[in-house]
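The chains referred to below are lettered A, B, ... by the order of the sequence lines, with proteins before strands, and numbering in each begins at 1. Computation of the quantities below employed the complete heavy-atom set of this structure, encompassing side-chain atoms and omitting hydrogens, waters and symmetry-equivalent molecules.
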Amino acid sequence: MSELRVRFAPSPTGYLHVGGARTALFNWLQARKEGGTFILRIEDTDVERSTKESVDAILEGMSWLGLEWDEGPFYQSASFPLYKEYVQKLLDAGKAYRCYCSAEELDAKRNLAMQEGRKPKYDGTCRDRSDLPEGQPCVVRFRAPRGGVTAFDDLIKGKITFPNEELDDLIIQRTDGTPTYNFCVVIDDATMRITTVIRGDDHVNNTPRQVQLYEALGFPVPQFAHVPMILGSDKARLSKRHGATSVIAYRDMGYLPEALTNYLVRLGWSSGDDEIFSRDEMIRKFDISGVGRSASVFNTEKLNWLNAHYIKSGDPQRLADLLLPHLSKRDVSTAGGPDMTLVVKTLQQRAQTLEEMADRALFFYVAPTSYDEAALAKYDKEKMLAVYDAAVAKFSAVSSIDEAGVEALLKEISLDLELKMGLVGQPVRIALSGSAQAPGLGEIIVALGLKETISRIQKARAFVAG
RNA sequence: GAUCCCAUCGUCUAGUGGUUAGGACACUGGCCUCUCACGCCGGUAACAGGGGUUCGAAUCCCCUUGGGAUCACCA
C-alpha cells in the first residue's frame, strides 16, 4: 500500500454529474494505479441545500460506474466540533479574528466597490479592532498575510502564483457558528492525510486561500491537480440544456458503465492513439499528470460509438440481463418468447444503446400486428404469395433448423421460383418482423423457432392476399 | 472590472525544435450483402493572429485576440 491518499468530495445538492464522475474516476484511477487509498467524503456543511436523496443518488452513480471507495463516506456535518476546535486555535494564535460587520453592510460595500470598478474584497474593518463587544453577532475571519505571493505547483497546470493583495480575509465561521467550505476542506484534507487533491479547476482560485490556511494551521500542504471542466457543444459549461448530465440518466438511456468510464477517461487524457481501455489498462496507463490543461467538449456521438463497441463485444448473457428493464419499461414480457441471449446476439451489431436494442427486440416477443406498407408495395403480390407458400412448405417439412439451414432453404426457394434472393428474403423479413430492417433471417428464425416462424408467415400471407 | 487558467481538423486528441502534422468520433466515396447494421478500403478537414529566439518552429519567449473559471456568512 502506498502513501497516496486521494478523495472525491461531492456536495449532496443533486445527482452525480458526468463532470463529477470524471473527477471521481481520475481520483479512483490514481489510487488504484499507485495502490493508494480512495476516500469518499460528503461535503454537506450547507445544511439548507444538502439532502439525503442526493447522497443516495451520488452513491448509486458511483457504484454503477464501479468506483468503489476504500474509506467513507464521511460526512462533514459530523465534524462540526472538530472545525470549531481549529477555529479556536486560530483565534488563540491571533491568526483569525472576530468580525462584527453585518451581511448588509458587506453587501453594500461590495456593490459599491464593483460599481466603482474596484476589487470587491473585504476592507479589513474589524481586522485590527481591539474592543470585543460581548454578545454581538459575529463571524470569524482568517487573518490572511498582506504582502507577497502564494503559489503552488499544480500537477496538471504547473506553477500557479497569486499576489496576496488579491486575497482578502475570508470568513471561516458563520454567525450561526457553522464553518465555511474553504475552512472545512482544509481541515478534512489535512486530518484525513490527503496527499493529492484532485478536483475540478473551478477550485484553482480557492487554492491559494487554502494553502494559506494549511500554513497557518501548521499542516503539510498536499499536492494539487486541477482537472479542466467539461463543456457543452457551445463551449459553455456543460448543463442540462446540453442534454443529460446525470450518470444515472445515462444508465437509463441504455449506456454501459464501461462505455461511460472509457469515454470520460479519454476526455482530457490519452495514451498514444489508443481509444479502447479496459479497466486494467486504464489503471495501468493512467497518470494524473498526463491530463491536459484545457477544457473539453462532451460529445455524445463518440460516447455512442464506444457504447456500441462495448455492446458488440459484450457477453450476451450479461447484456440480456441489462436489457430486461428496458423491455419491461415497454410493457413487454419475455416469458414464453425466444431466449433473450439469442435475441441479444442478433442485435449486438445493430444497437448503440440498450434502449435502441429494446426497440429492435420488440418484434421477437410481440408478433407484428401491422406491416411496413411502403416496403411491401415494392414487391409483386403474386410473387410474394408464392414465396410465402413455398416458405411455409419448406419450413413445415423440417423438424429443426439452424442458420445455415435457413440460408439453404431460402436459396432453394429462390431457385425454385426463379426469383432473386432479395425478392425472397425481404417479404419473409417483413412477415416475421413487420419491418424491412431487421437482423439476418437465419438469426431471426432460429431465435423465433419454426412454429412461430410458420405462423407469422401464414399471417402475413393472409394479409397480403387481402 | 480584477485575478487565475486555457488555445492542433466540427469534436476528443498525438506531437515535447527538423513529421507528407498522426489516430479516433462525426461526415463522405466504394466494397461486402436477403434488408438494416457490422466489417473492410479510400476521402474532406487543424497548428487563432502578430512579433521574436533559432540554420530550422505546432513545439521556446512576448504581445494581441478569443474562450473559460473565480471574486458569497454556496460548495
Side-chain angles (χ1 to χ4, degrees), chain A residues 9-13 43-46 48-50 76 99 101-103 106-107 110 113-121 137-141 154 156-158 160-163 165-168 170-182 184-185 200-208 226 228-229 231 233 235-237 263 266-276 292-306 308 312 347-352 360 372 375 407 410-411 414 420-430 433 435-442:
Chain A
S11 62
T13 54
E43 311 230 315
D44 56 351
T45 51
D46 184 348
E48 297 287 302
R49 299 198 303 156
S50 302
Q76 285 191 321
C99 170
C101 300
S102 71
L106 261 17
D107 271 350
R110 187 161 37 244
M114 287 285 249
Q115 267 174 24
E116 293 178 354
R118 287 181 291 115
K119 301 162 193 168
K121 51 181 247 186
C138 65
V139 299
V140 176
R141 283 184 188 272
D154 194 276
I156 292 172
K157 305 208 177 241
I160 302 179
T161 308
F162 290 80
E165 277 309 305
E166 297 300 324
L167 281 10
D168 61 1
L170 86 156
I171 293 172
I172 58 178
Q173 187 180 86
R174 302 183 183 98
T175 308
D176 66 3
T178 57
T180 57
Y181 168 76
N182 278 108
C184 298
V185 223
D201 77 358
D202 46 338
H203 287 282
V204 292
N205 289 282
N206 288 326
T207 310
H226 288 99
M229 304 272 88
L231 310 176
S233 46
K235 306 245 182 176
R237 191 185 192 135
Y263 178 70
R266 277 285 289 104
L267 220 48
W269 176 82
S270 63
S271 176
D273 286 340
D274 296 352
E275 295 290 348
I276 306 294
R293 301 133 307 267
S294 53
S296 28
V297 175
F298 191 90
N299 182 216
T300 310
E301 307 278 304
K302 183 136 181 196
L303 206 211
N304 286 343
W305 173 74
L306 278 164
K312 266 179 269 181
L347 265 11
Q348 279 181 284
Q349 310 293 316
R350 291 166 235 265
Q352 289 197 311
R360 291 169 179 269
D372 182 337
E407 197 69 24
L410 292 173
K411 274 258 157 54
S414 164
K420 288 200 292 186
M421 271 299 269
L423 297 181
V424 176
Q426 276 307 76
V428 173
R429 166 170 290 101
I430 296 168
S433 72
S435 154
Q437 296 160 20
L441 288 174

Gap in Å between the two [atom1] atoms, one belonging to [N] and one to [M], rounded:
N      : M      : atom1 : result
B/rG23 : B/rG43 : C1'   : 16 Å
B/rU11 : B/rG68 : P     : 14 Å
B/rA21 : B/rU13 : C1'   : 13 Å
B/rG51 : B/rA14 : P     : 28 Å
B/rC9  : B/rA45 : C1'   : 5 Å
B/rA69 : B/rA75 : C1'   : 15 Å
B/rA46 : B/rC27 : C1'   : 16 Å

Reckon [X] touches a base, only the sugar-phosphate, or nothing at all at heavy-atom distances under 4.0 Å?
X        : answer
A/Ser233 : nothing
A/Arg49  : base
A/Thr45  : sugar-phosphate
A/Cys101 : base
A/His203 : base
A/Ser270 : sugar-phosphate

Work out which heavy atom in [X] is nearest to a heavy atom in [Y]; give both atom names and the distance.
X        : Y        : result
A/Asp44  : A/Gln76  : OD1-N, 3.2 Å
A/Leu267 : A/Ser296 : CG-OG, 3.7 Å
A/Leu410 : A/Leu441 : CD1-CD1, 3.7 Å

Please determine, for [N], whether a Watson-Crick or G-U wobble partner exists with both distances under 3.5 Å, and give it or none.
N      : result
B/rA75 : none
B/rU53 : none
B/rU16 : none
B/rU3  : B/rA69
B/rC9  : none
B/rC40 : B/rG30

What is the distance, to the nearest angstrom, from the [atom1] atom on [X] to the [atom2] atom on [N]?
X        : N      : atom1 : atom2 : result
A/Asn205 : B/rA72 : CG    : P     : 11 Å
A/Leu306 : B/rG23 : CG    : C1'   : 14 Å
A/His226 : B/rU70 : NE2   : C1'   : 11 Å
A/Glu301 : B/rU13 : CD    : C1'   : 17 Å
A/Met229 : B/rA7  : CE    : P     : 15 Å
A/Ile156 : B/rC4  : CD1   : C1'   : 15 Å

Worksheet item: Counting N and O atoms only, with roles assigned by atom type, does the side chain of A/Lys121 sit under 3.5 Å from a partner on the main chain of A/Glu165, one being a donor and the other an acceptor?
Response: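 Between the backbone of A/Glu165 and the side chain of A/Lys121 there is a qualifying donor-acceptor contact (under 3.5 Å).
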
Just the table, please: protein N/O against nucleotides 8-12 of chain B N/O, every pair under 3.5 Å.
from, atom 1, to, atom 2, distance (Å)
B/rU11, OP1, A/Lys235, NZ, 3.0
B/rC12, OP1, A/Val297, N, 2.9
B/rC12, O2', A/Arg266, O, 2.9
B/rC12, O2, A/Arg266, NH2, 3.4

Practice prompt. Treat primed atoms plus P, OP1 and OP2 as sugar-phosphate and everything else as base, then score nucleotides 31-48 of chain B 5' to 3': B for base contact with protein heavy atoms under 4.0 Å, S for sugar-phosphate contact only, - for none.
Written response: ---BBBBSS---------

Practice prompt. Evaluate the ring planes of A/His203 and A/Tyr181, with Trp represented by its six-membered ring, and classify them as parallel (under 30°), tilted (30 to 60°) or perpendicular (over 60°).
Written response: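 Ring orientation of A/His203 relative to A/Tyr181: tilted.
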
Item to complete: Classify the side chain of A/Asn206 and the base of B/rA75 as holding, or not holding, a donor-acceptor pair under 3.5 Å.
Response: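 Donor-acceptor pair under 3.5 Å: yes.
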
Fill in: For B/rC38, glycosidic torsion class - syn if within 90° of 0, otherwise anti
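With its glycosidic angle within 90° of zero, B/rC38 counts as syn.
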
Worksheet item: Just to confirm, is there a sub-4.0 Å distance from OP1 or OP2 of B/rA75 to any side-chain nitrogen or oxygen of A/Thr13?
Response: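 So the side chain of A/Thr13 is outside the cut-off, no N or O lying under 4.0 Å from OP1 or OP2 of B/rA75.
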
